[in-house]
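Quick one: the structure is below, questions incoming.
Not measured: the values here are computed from a predicted model.
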Amino acid sequence: MNIQLDTTRVMNKPIFIVGSPRSGTSILTWCLGQHSNILVQEESDWLGPFALDVEAAYQSGTHRGERSQLGSLGVQRPEFFNCFGDAINNLILQHRYERRRIALEEAMATATSNLRLPAFQIERSDSDPKGRWVDGTPEYSFYICGLRKLFPGAVFIHLLRDVKSVVRSMLKFKQTGGPALVENEQQAYDYWLRTVRACFKAERAYGSRVVYRMLYCDLVGDSARTLRLLLDFLQEPYEPACLEPLQHRINSSNVPPDFTPVDPQTGQEVEAQQLEAELMNDRTPVPPSGATAAELEAEFEKRVHHNQNVNKYHRRALRKIAALEKQLEQLRCESPGRLKPWQRWMRSWNDRAHRAT
């Protein structure tokens, strides 16, 4: 069931919860989703890469200047991005009731679903305006620049959790029923460092009014005050219902209290702890930096260029593979005996590769 939006109440100001996986992004997303004006979303995964594709499309549509379609129409880059961002925003909000219907079906089909709990509601009343939405995809830590192009009014909540707790949870993540996040302690520290650095760089680029740093320990230790401050930042009135999901544990790795991973090859633990201490102890608001924002723009352009070339090289490799397979088939038909040494070598190579893995 789709609905017609009341455009007087709709804001294209989505909320993205970013930060390292296993930092509480899921529970904070559900907390905000209990607010009457915020529609909770599942992790989307596609919006960040989509921003790269939009930039590639714009470059393709303007690369010959006035001889290109978009160039001849005078379409500017911000306008191009805003058209897609507005369409996505409206699409999400128009499917509010469909989101609720699917969630209810999921809850009824799964006895252990969190959606069976009153604390985890898509909406609490049909009169809730739900004029904006929240997405808690941790991977968007690496896509803040592109998401701001799609949604200039978006804000980002960097939920920061102590690195040791995150590493322990990452290593036990398979216990939630999902795939392994990391293979070892070193990869876990690296994952935390990369996501937290990306969020901190975005905070320095766009300032604390766009990227809001929030501590997980504050969320669980002083929940009411922390959520009040967060909703003030979001310019939304405080609603006690936002506290209710915190009474439940969801998506937990169930790490045993005595689990203490020790990897002697981990060289990033000290570096991670230094960054953690810096970000947790210094809560001074950060002003935007044009120079840092320019660095993020350059990184965004580099990723777009990389994606375009990867596709080109992939197509080229597929053509070469097809040609080699054709030659191989011709040899098989013309001189079967000539293939035997090659086949023995391939079997030997495959055996060695299998043993190595």
Side-chain angles (χ1 to χ4, degrees), residues 13-43 103 112-125 128-130 132-138 140-141 155-170 173 176 192 195-196 199-200 203 208-255 257 276-277 279-285:
K13 295 183 178 180
I15 304 159
F16 293 99
I17 313 295
V18 293
S20 170
R22 317 310 298 159
S23 292
T25 53
S26 296
I27 194 66
L28 181 57
T29 300
W30 276 106
C31 285
L32 291 180
Q34 303 314 295
H35 194 280
S36 61
N37 197 42
I38 302 174
L39 180 65
V40 67
Q41 295 292 294
E42 296 288 347
E43 293 184 18
T112 58
S113 172
N114 295 317
L115 296 172
R116 286 179 174 268
L117 301 171
F120 296 86
Q121 300 298 308
I122 304 300
E123 59 186 29
R124 292 172 176 253
S125 169
D128 288 348
K130 296 290 183 181
R132 60 199 300 198
W133 44 279
V134 58
D135 183 328
T137 306
Y140 287 167
S141 302
V155 290
F156 301 83
I157 315 302
H158 175 201
L159 187 58
L160 178 65
R161 187 181 185 188
D162 68 283
V163 64
K164 283 192 174 181
S165 295
V166 169
V167 167
R168 284 159 46 91
S169 184
M170 282 189 183
F173 181 67
T176 67
W192 186 93
T195 50
V196 172
C199 292
F200 184 39
E203 182 183 353
S208 299
R209 293 187 177 182
V210 173
V211 182
Y212 180 92
R213 194 190 319 159
M214 178 177 171
L215 304 188
Y216 176 82
C217 59
D218 290 342
L219 178 64
V220 298
D222 195 356
S223 306
R225 179 179 178 274
T226 301
L227 283 172
R228 281 184 185 275
L229 291 173
L230 176 58
L231 289 167
D232 284 345
F233 167 77
L234 297 173
Q235 298 182 329
E236 298 288 351
Y238 175 74
E239 295 182 6
C242 294
L243 290 169
E244 294 183 19
L246 293 171
Q247 300 173 15
H248 307 272
R249 295 184 68 183
I250 64 168
N251 200 26
S252 173
S253 297
N254 295 315
V255 182
E276 173 193 309
L279 296 183
M280 287 191 171
N281 295 329
D282 185 1
R283 305 298 300 276
T284 307

Worksheet item: Where do S23 and V166 come nearest, in terms of heavy atoms and distance?
Response: OG-CG2, 3.6 Å
Worksheet item: Taking the inter-plane angle between the rings of W133 and F16 on a 0 to 90° scale, is it parallel (under 30°), tilted (30 to 60°) or perpendicular (over 60°)?
Response: perpendicular
Worksheet item: In Å, rounded to the nearest 0.5 Å, how long is the span from CD1 of I15 to CD1 of I38?
Response: 4.0 Å
Worksheet entry | Donor-acceptor contact below 3.5 Å, side chain K130 vs main chain G33 | yes
Practice prompt. Compare all side-chain heavy atoms of P21 with those of T195 and state whether any distance is below 4.5 angstrom.
Written response: yes
Practice prompt. Could you point out which residue of L32, I122, V134 forms a side chain to side chain contact (heavy atoms under 4.5 Å, CB included) with L39?
Written response: I122
Worksheet entry | Taking every non-hydrogen atom, the tightest pair across C199 and V18 | SG-CG2, 3.7 Å
Fill in: E244 (side chain) donor-acceptor with P240 (main chain) under 3.5 angstrom
no
Discussion item. With heavy-atom distances below 4.5 Å as the criterion, would you say the side chains of Y238 and L230 are in contact?
Written reply: no
Item to complete: Work out which heavy atom in P245 is nearest to a heavy atom in Q34; give both atom names and the distance.
Response: CG-CG, 3.7 Å
Fill in: Intermediate values then yes/no, side-chain contact (heavy atoms from CB on, under 4.5 Å), Y216 and D162
CA-CA 8 Å; Y216 176 82; D162 68 283; 5.5 Å; no
Worksheet item: Can you check whether N37 reaches E239 side chain to side chain, under 4.5 Å on heavy atoms?
Response: no
Item to complete: Might you point out which heavy atoms bring T29 and Q41 nearest each other, and give the distance in Å?
Response: CG2-O, 4.0 Å
Practice prompt. Supply the atom-to-atom distance S36 OG to R124 CZ, rounded to the nearest 0.5 angstrom.
Written response: 10.5 Å
Practice prompt. Give the minimum heavy-atom separation between R209 and V155, together with the two atoms involved.
Written response: O-CG1, 4.2 Å
Worksheet item: Is any side-chain heavy atom of I157 closer than 4.5 Å to a side-chain heavy atom of F233?
Response: yes
Fill in: Sub-4.5 Å side-chain heavy-atom contact between L160 and F200
no
Fill in: Side-chain heavy-atom pair S20, M170 within 4.5 angstrom cut-off
yes
Worksheet item: Are side-chain heavy atoms of H35 and L234 found at a separation under 4.5 Å?
Response: no
Discussion item. Show, in sequence, the C-alpha distance, side-chain angles and deciding distance for S26 and E43, and conclude whether the side-chain contact (heavy atoms from CB on, under 4.5 Å) test is met.
Written reply: CA-CA 9 Å; S26 296; E43 293 184 18; 4.1 Å; yes
Worksheet item: Atom OG1 of T25 and atom NE2 of H158: how far apart are they, to the nearest 0.5 Å?
Response: 10.5 Å
Worksheet entry | Short side-chain to backbone donor-acceptor contact, S141 and P138, under 3.5 Å | yes
Item to complete: Please answer whether the main-chain N or O of R22 pairs with a side-chain N or O of R161 as donor and acceptor at a distance below 3.5 Å.
Response: yes
Worksheet item: Between atom CZ of R132 and atom CD of E236, what is the distance when rounded to the nearest 0.5 Å?
Response: 5.0 Å
Worksheet item: Which atoms form the tightest heavy-atom contact between L231 and C242, and what is the distance?
Response: CD1-SG, 4.3 Å
Discussion item. With rounding to the nearest 0.5 angstrom, report the CG to CE distance, L219 to M214.
Written reply: 4.0 Å
Discussion item. Working note: I27 + H248, criterion side-chain contact (heavy atoms from CB on, under 4.5 Å); need CA distance, chi angles, decisive distance, verdict.
Written reply: CA-CA 9 Å; I27 194 66; H248 307 272; 5.9 Å; no
Fill in: Name of the residue among D218, D222, L246 meeting side chain to side chain contact (heavy atoms under 4.5 Å, CB included) with L227
L246
